[in-house]
There are 2 protein chains.
Amino acid sequence: MSRWEPDARGRLEKAALDLYSERGYEQTTAAQIAERAGLTERTFFRHYADKREVLFGGSQALEQAFVDTLADVPQVAAPIDAMATTLETVAAFFLERHEHSRQRQAVIVANAELRERELIKLASLSAALAATLRRRGVKDPAATLTAEAGITVFKVGFERWVTDNGDRPLADFLRESLDELKVVTGGG
Amino acid sequence: MSRWEPDARGRLEKAALDLYSERGYEQTTAAQIAERAGLTERTFFRHYADKREVLFGGSQALEQAFVDTLADVPQVAAPIDAMATTLETVAAFFLERHEHSRQRQAVIVANAELRERELIKLASLSAALAATLRRRGVKDPAATLTAEAGITVFKVGFERWVTDNGDRPLADFLRESLDELKVVTGGG
DNA sequence: CGGTTGATGTCAGTCACTGACATCGGCTCG
DNA sequence: CGAGCCGATGTCAGTGACTGACATCAACCG
């Protein structure tokens, strides 16, 4: 048996989400999160760079999933179609997570600092996708714009999925959003 | 003659931009900015909600310019064309500001917190544009997606303009970015 | 068995930010 | 003209996010 309870990060993330939900992000101190997780404030900040980051523990894995998926799409696909396939595939990531996503998103939209953090995570994701597209031979600004378009579709589709009742899968909303984006841009 | 030097906000914004450029955002304290502006730290925080906001004093005016312009575009235009016109018009806002924009953007891209703040300003802008489109009768998700597409074009075009030598106007870069976005989305 | 390691605790310190209260030149009103 | 209000600023004390330095100690390794 180890010296400490296992999965300190998991406990911190759960404690943080619960406290942020219960009393709000601003009204929660790092010390309170740590205490509920059975740790100290100092240890909290060893696991997470700041109070916001504890809600984004999975974003690195999500980015990796996006990049790996996009890198594996056959080269024959046009960039936007590769993005579409990527979105479709990564949507599976959220199949069993509607309730958790809803709770987490409610916390995030309620606080400006958390929204900022979410936006920069999406920007990081976009940059990673653009880099992957460039590795696939797509030139700029097409690579950047395709990646940004993909993230826009993800953002809009995700928001609609998370506010829905959870009956329809995320992939549906992403497909609809991409189709609608194609309509509004009118094509060239 | 008034009791204090006029234009406290202007002095704070200049002092902040200069200090952030000279020694970096993190290495600059609010007290130092205030001191260089001939004020106290407390007064700094009366003018700006936090250390980041001092770099975004003009964002409210920019958002207003975007919204007013978009609202005035003739109804006959398709949403994406109304956005194109809006971008073209608002670009004039930056005609004499290339050097200032360059310095400011250099500071922002060098720091994650400042990038976060910039992203949420753009998100706010996008939301305002979407609301304006809805007022023009555009339904969702078309309104949201058109606004997001417009902001993406602005972001990409602006970044290319700001890293350019300043010979070509922003409007050129925005036009090119929008055209390219139409190409990559392929239209529907 | 002794040394190393890694996750944690303890403690002191800096700085962003806030609330409460004081100051004082300019302006309004009588 | 004088009293009093007003608005921008100053002063001061306090909270909480975050950091660096150092201590602890069970597990692990040779």
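Chain A is the first sequence line, chain B the second, and so forth, proteins listed ahead of strands; every chain is numbered from 1. Just so it is clear, the values below take in all heavy atoms, side chains as well, and ignore hydrogens, waters and symmetry mates.
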[N] OP1/OP2 closer than 4.0 Å to side-chain N/O of [X]:
X	N	answer
B:Thr40	D:dG10	yes
B:Thr29	C:dC15	no
A:Arg52	D:dC18	yes
A:His47	C:dT8	yes

* Derivation of the side-chain contact (heavy atoms from CB on, under 4.5 Å) call for B:Leu55 and B:Tyr25 -> CA-CA 11 Å; B:Leu55 284 185; B:Tyr25 169 81; 5.7 Å; no
Over how many whole Å does the gap from [X] atom [atom1] to [N] atom [atom2] extend?
X	N	atom1	atom2	answer
A:Gln27	D:dT15	CD	C1'	13 Å
A:Arg3	D:dA23	CZ	P	15 Å
A:Phe45	D:dC18	CZ	C1'	5 Å
A:Asp7	C:dT8	CG	C1'	16 Å
A:Glu26	D:dT15	CD	P	18 Å
B:Glu113	C:dC15	CD	P	15 Å
A:Glu53	D:dC18	CD	P	10 Å
A:Glu41	D:dT15	CD	C1'	12 Å

* Take A:Tyr25 and A:Arg46, find for each the nucleotide of DNA chain D with the closest heavy atom, and name the residue whose nucleotide sits nearer the 5' end. =>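 By nearest-heavy-atom nucleotide position, the 5'-most residue is A:Tyr25.
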* Asked: Reckon B:Ala31 touches a base, only the sugar-phosphate, or nothing at all at heavy-atom distances under 4.0 Å?
  ->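 No contact.
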* Asked: Do the ring planes of A:Phe154 and A:Phe94 sit parallel (below 30°), tilted (30 to 60°) or perpendicular (above 60°)?
  ->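 Rings of A:Phe154 and A:Phe94: tilted, 30 to 60°.
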* To do: Answer yes if A:Val67 and A:Leu87 sit in the same cluster of Ile, Leu, Val, Met, Phe, Trp and Tyr residues linked by side chain heavy atoms under 4.5 Å apart, and no otherwise.
  =>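 No; A:Leu87 is not reachable from A:Val67 via cluster members.
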* Is it true that B:Glu99 and B:Arg102 make a salt bridge, defined as a side-chain N closer than 4.0 Å to a carboxylate O? ->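 Looking at B:Arg102 together with B:Glu99, the answer is yes, because their closest N to O distance falls below 4.0 Å.
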* Among D:dA8, C:dA7, C:dC17, find the nucleotide with the atom closest to the side chain of A:Trp4. =>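 Closest of the options to the side chain of A:Trp4: C:dA7.
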* **Nearest listed nucleotide, side chain of A:Ala8, among D:dT19, C:dT8, D:dT9** =>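 The answer is C:dT8, which lies nearest to the side chain.
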* Side chains of B:Thr185 and A:Thr185: do they bring a donor and an acceptor to under 3.5 Å? ->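 There is such a pair (donor and acceptor under 3.5 Å, judged by atom type) between the side chains of B:Thr185 and A:Thr185.
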